[in-house]
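Each ligand, and each atom within it, is numbered from 1 in the order the structure gives. Every heavy atom of this structure was used, including side-chain atoms; hydrogens, water molecules and symmetry mates were not.
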Amino acid sequence: MPSIALTDAHKFLDLNSVKELPDTHAWTSQLDSGGGCDGPDPEGVPVIDLNDGAAQELIGYACKTWGVFQVVNHGVPINLLDEIEQTGRSLFSLPMHQKMKAARAADGVSGYGVARISSFFPKLMWSEGFTITASPADHARLLWPHDHRHNQFCNTVDEYQKAMNKLAGRLMWLMLGSLGVSSDDVKWASLKEDGTQEGCAALQLNSYPACPDPDRAMGLAAHTDSTILTVLHQSNTSGLQVLREGARRWTTVPPHPGALVVHVGDLMHILSNGSYPSVLHRAVVNRTRHRLSVAYLYGPPTNVKISPISKLVDHSHPQMYRPITWTEYLGTKAKHFDKALTSVRLCAPRTGFVDSNDHSSVRVG
Ligand SMILES: C=C1C[C@]23C[C@@]1(O)CC[C@H]2[C@@]12CCC[C@@](C)(C(=O)O1)[C@H]2[C@@H]3C(=O)O
Ligand SMILES: O=C(O)CCC(=O)C(=O)O
Ligand SMILES: [Fe+2]
């Protein structure tokens, strides 16, 4: 529960102009920069070349052991990555009153606002976000009512969403393929006639302004994504950290030029019957650089019941999760946050395995 009343004035503070960390954003005790501090991991988050003949196998290993990996030779043009980043920067650099015109409604999903998970934490995060769930046109007209920049925004977002849909579909099949699952086993996930992948997605632009007191601030608190998978483009400033299954320390995912980060999400955790655990991750901030990230949160068609793939269920691997649609799961996440996966669990996890949402030794805030 929030320890102080967080008003809209706190939530829509212009972080770019703040010279001292306000109490509303000071995380002191929750920030486990001591107990779980980032340090060099001798192995590091895997970087996988999608042109490598062994890519599927490498992805399988990365999903089992890390829940996250980076991909290169992914087919998304570098200039499109630069353009979406520039688009994000121009959006977040608009005056606050303009961004507020596209503010996310209290019960809504898309638009401008603080991190949706903020309500689970006593302090605010050092970030602002913009979520696009369908066409960007309505947002664009609100943000840039009088000039041509709204066309540029729409074109870039449309092109990026198409490229991401293709890549996310390909990655999903590489992940499922590595488990021995084929399109005959998951009917809803087959390719459409135009070559695009069936499925729904949200595009999340995240902005983390330079922070006067980064050690006491939190960019985006620890969470897992409620997706099948997430494809993340991070700018050349580091900030993304992941908690490896069973590890006690956060590991930085270093920006790798042209690479995209892929997170295993909660729905892949369910589909794989727990074999590919969703990854707990967070974003930290820094004193001098304004960091931007763009997440493509990919899931199934919203009304399809997702449950462990029957091929992965047998006597020694009983079905661990009950069927649930993406819409239902997002509702569960909004209510139970880090207990969402556990709340749809049917039986106790196998020995040596925990739901990533269940990290009892690690504070998620
Ligand atoms: C599809 C979605 C996943 C998300 C909730 C949402 O409806 C749209 C925004 C997504 C996002 C992005 C930042 C982190 C996150 C936890 C959040 O608060 O909003 C995720 C949500 C999620 O994966 O649960
Ligand atoms: O900014 C980042 O690196 C992480 C963003 C993220 O986790 C998200 O949008 O879900
Ligand atoms: Fe995330």
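When the shell of 6.0 Å around NE2 of His150 is examined, it contains more than 12 heavy atoms from other residues, nucleotides or ligands.
Set against the non-hydrogen atoms of Leu220, the atoms of ligand 2 under 4.0 Å away are 5 (C), 6 (C), 7 (O), 8 (C). Numbered from 1 in the order shown, with element, the atoms of ligand 1 that lie under 4.0 Å from a heavy atom of Asp225 read 23 (O). Every atom of ligand 1 with a heavy atom of Ile117 under 4.0 Å away is listed here by number and element: 16 (C), 18 (O). Within ligand 2, the atoms closer than 4.0 Å to a non-hydrogen atom of Arg291 are 1 (O), 2 (C), 3 (O), numbered from 1 in the order shown. Every atom of ligand 1 with a heavy atom of Gln204 under 4.0 Å away is listed here by number and element: 9 (C), 12 (C). Of all atoms in ligand 1, listed by their number and element, those nearer than 4.0 Å to a heavy atom of Thr131 are 8 (C), 9 (C). With ligand atoms numbered from 1 in the order given, ligand 2 contributes 7 (O) to contacts under 4.0 Å with heavy atoms of His281. Under a 4.0 Å criterion applied to the non-hydrogen atoms of Ser293, ligand 2 contributes the atoms 1 (O), 2 (C), 5 (C). Atoms of ligand 1 found under 4.0 Å from any heavy atom of His223, numbered from 1 in the order shown, are 14 (C), 16 (C). Every atom of ligand 2 is numbered from 1 in the order shown, and the set under 4.0 Å from a heavy atom of Ala295 is 9 (O). Residue-ligand proximity, Asn206 to ligand 2, at heavy-atom distances under 4.0 Å covers atoms 5 (C), 8 (C), 9 (O). Interface atoms of ligand 2 facing Tyr208, defined by a heavy-atom separation under 4.0 Å, are 1 (O), 2 (C), 4 (C), 5 (C).
Between Thr237 and Tyr208, the side chains place no donor N or O within less than 3.5 Å of an acceptor N or O (distance only, hydrogens not considered). In this structure, a donor-acceptor pair under 3.5 Å is present between the side chains of Thr131 and Arg116. A donor-acceptor pair shorter than 3.5 Å can be found between the side chains of Asp266 and Ser278. Inspection of the Asn206 and Ser127 side chains reveals no N or O donor paired with an N or O acceptor under 3.5 Å.
In this structure, atom 3 (C) of ligand 1 lies nearest to the protein heavy atom Leu330 CD2, 4.0 Å. What sits closest to atom 7 (O) of ligand 1 on the protein, heavy atoms only, is Val109 CG1, 3.5 Å. With respect to atom 19 (O) of ligand 1, the closest heavy atom belonging to the protein is Arg116 NE, 3.3 Å. Scanning the protein heavy atoms around atom 20 (C) of ligand 1, the nearest turns out to be Leu297 CD2, 4.4 Å.
Looking at Asp225, its N, O or S atom nearest to the Fe ion (ligand 3) turns out to be OD1.
Contact annotation for Trp326 and ligand 1: only side-chain heavy atoms (C-beta onward) come within less than 4.0 Å of the ligand. In Asp225, the part holding a heavy atom less than 4.0 Å from any atom of ligand 2 is the side chain. With a heavy-atom cut-off of 4.0 Å, Thr230 does not touch ligand 2 at all. Contacts between Gln234 and ligand 2, counted as non-hydrogen atom pairs separated by less than 4.0 Å, are absent for every part of the residue.
Less than 4.0 angstrom separates atom 9 (C) of ligand 1 from at least one non-hydrogen atom of the protein.
Residue-to-ligand polar distances place Ser226 within reach of ligand 1: an N/O pair is separated by less than 3.5 Å.
Note on ring orientation: taking the six-membered ring where Trp is involved, the planes of Tyr321 and His269 are perpendicular (angle over 60°, cut-offs 30° and 60°). Between His263 and His281, the two ring planes are tilted [angle within 30° to 60°]. Taking the six-membered ring where the residue is Trp, Phe130 and His139 present perpendicular rings, their angle passing 60° and hence far from 30°. Ring-plane geometry between His25 and Trp126 is classed as perpendicular, the angle between the planes exceeding 60 degrees on a 0 to 90 degree scale with a lower cut at 30.
For the pair Lys311 (side chain) and Ser182 (backbone), a donor-acceptor distance under 3.5 Å is absent.
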*Residues Thr87, Tyr160; criterion side chain to side chain donor-acceptor pair (under 3.5 Å); working and verdict*: CA-CA 11 Å; Thr87 299; Tyr160 194 74; over 6 Å; no

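The side chain to side chain contact (heavy atoms under 4.5 Å, CB included) test with Pro308 singles out one residue from Asn273, Leu271, Leu346, and that residue is Asn273.
Under the 4.5 Å side-chain heavy-atom criterion for Ile, Leu, Val, Met, Phe, Trp and Tyr, Val231 and Leu297 are members of distinct hydrophobic clusters.
With values rounded to the nearest 0.5 angstrom, Gln204 atom CD is found 9.5 Å from Asp225 atom CG.
Residue side and main chain included, His281 places an N/O/S atom under 2.8 Å of the Fe ion (ligand 3).
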